[in-house]
Amino acid sequence: MISILRSFIVVAAAVLFVGSARADYFRTVVIDPGHGGHDKGGQWGLVYEKHLALDTAARLEGELKKRGYRTVMTRRSDYFISLPERVRITEKYRNAIFVSVHYNYTWKRDVSGLETFYTSAKSRALASYVQSGMLRKVRAVNRGAKFARYYVIRNNSCPAILVECGFVSNPAERARMKSAWWRQALAEGIADGIDRFRKG
Ligand code: ZN
């Protein structure tokens with residue numbers, strides 16, 4: 001009887017330990033502003049994706065720091081950084097997640113909305129929390145959390161997502177993303193999603 005009780009206590013302690021370890025198993029968020037330098041990304045007139053992504057990523061960094069996360073930026077200003085280098089930076093950190101920030105572009109001007117991509121199964125929940133986090137902050141078309149094999153999320157071994165914060169090619173969305181309010185709201189929405197993922 002005592003040995004059964006003892007093994008029950010051991011199992012209960014193990015469950016508690018695993019439970020708490022799982023709740024904060026990542027400490028670092030690697031934030032990856034898409035494009036940079038000669039790689040402008042999506043572009044309409046003087047509105048460049050690379051600038052929007054960097055500003056939104058910097059706002060996300062501020063928001064995450066406020067919430068106690070350790071953050072790493074793959075670039076801090078307007079210079080080119082290759083996709084393999086973005087992955088190499090991330091792989092230096094244990095217990096990290098990776099969030100690539102982009103703005104979208106298509107030749108169909110009427111297409112708009114937000115979408116979040118993941119490749120691995122372990123990134124799927126992160127993608128859907130971030131997608132719903134953004135949509136709680138702004139009114140936009142929900143294009144969903146979706147599977148895709150983009151280089152930076154396919155090659156990262158940690159939970160890794162790529163967030164598309166609206167279409168540069170859509171006139172209404174372009175007008176909104178030019179305002180700091182939109183970029184700040186999306187940064188907060190992404191941070192909310194990361195928080196929810198962390199709490200599991
Ligand atoms: Zn992009």
Side-chain angles (χ1 to χ4, degrees), residues 29-61 71-90 97-120 123-124 126-128 130-131 133-135 137-138 140-156 158-180 182-187 189-191 193-194:
V29 181
V30 177
I31 305 166
D32 176 48
H35 312 278
H38 65 78
D39 173 12
K40 300 189 194 82
Q43 175 187 358
W44 193 282
L46 291 175
V47 181
Y48 296 164
E49 178 188 354
K50 64 174 185 174
H51 295 142
L52 297 164
L54 180 61
D55 179 85
T56 309
R59 292 171 187 275
L60 174 60
E61 181 183 42
T71 57
V72 174
M73 297 274 280
T74 58
R75 69 176 175 97
R76 286 203 171 273
S77 59
D78 184 19
Y79 54 83
F80 178 76
I81 169 170
S82 72
L83 300 180
E85 182 59 23
R86 295 170 197 258
V87 174
R88 268 198 297 278
I89 289 170
T90 314
I97 64 167
F98 174 89
V99 178
S100 194
V101 178
H102 287 250
Y103 282 77
N104 235 327
Y105 185 91
T106 172
W107 57 275
K108 289 182 182 170
R109 291 186 57 185
D110 57 327
V111 173
S112 72
L114 310 175
E115 56 194 359
T116 306
F117 294 102
Y118 63 90
T119 305
S120 66
S123 308
R124 187 182 183 158
L126 175 60
S128 53
V130 164
Q131 178 70 9
M134 289 192 294
L135 284 157
K137 290 284 182 184
V138 299
V141 172
N142 181 5
R143 298 174 56 84
K146 295 184 281 200
F147 173 85
R149 292 178 49 77
Y150 292 124
Y151 187 95
V152 288
I153 54 172
R154 184 181 80 219
N155 289 288
N156 261 317
C158 65
I161 59 170
L162 188 148
V163 184
E164 294 280 3
C165 300
F167 281 79
V168 175
S169 44
N170 178 272
E173 215 152 65
R174 186 167 62 250
R176 298 173 80 187
M177 66 182 64
K178 281 158 79 177
S179 87
W182 173 268
R183 300 190 304 271
Q184 181 63 30
L186 288 181
I190 295 167
I194 291 169

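Just follow the structure's listing: the first ligand is 1, and inside any ligand the first atom is 1.
Per residue H102, closest N, O or S atom to the Zn ion (ligand 1): atom name ND1. With respect to the Zn ion (ligand 1), H35 has NE2 as its nearest N, O or S atom. No other N/O/S atom of E49 lies as close to the Zn ion (ligand 1) as OE2 does.
Of all heavy-atom pairs spanning R109 and N170, the tightest one is O-ND2, 2.9 Å.
Using cut-offs of 30° and 60° for the angle between ring planes, the F117 and Y150 rings count as perpendicular.
Inclusion of E164 in the first shell of the Zn ion (ligand 1) is not supported: no N, O or S atom falls under 2.8 Å.
Using a 4.0 Å cut-off between charged side-chain N and carboxylate O, E173 and R176 make no salt bridge.
The environment of R143 atom CZ is dense: over 12 non-hydrogen atoms of other residues, nucleotides or ligands sit within 6.0 angstrom.
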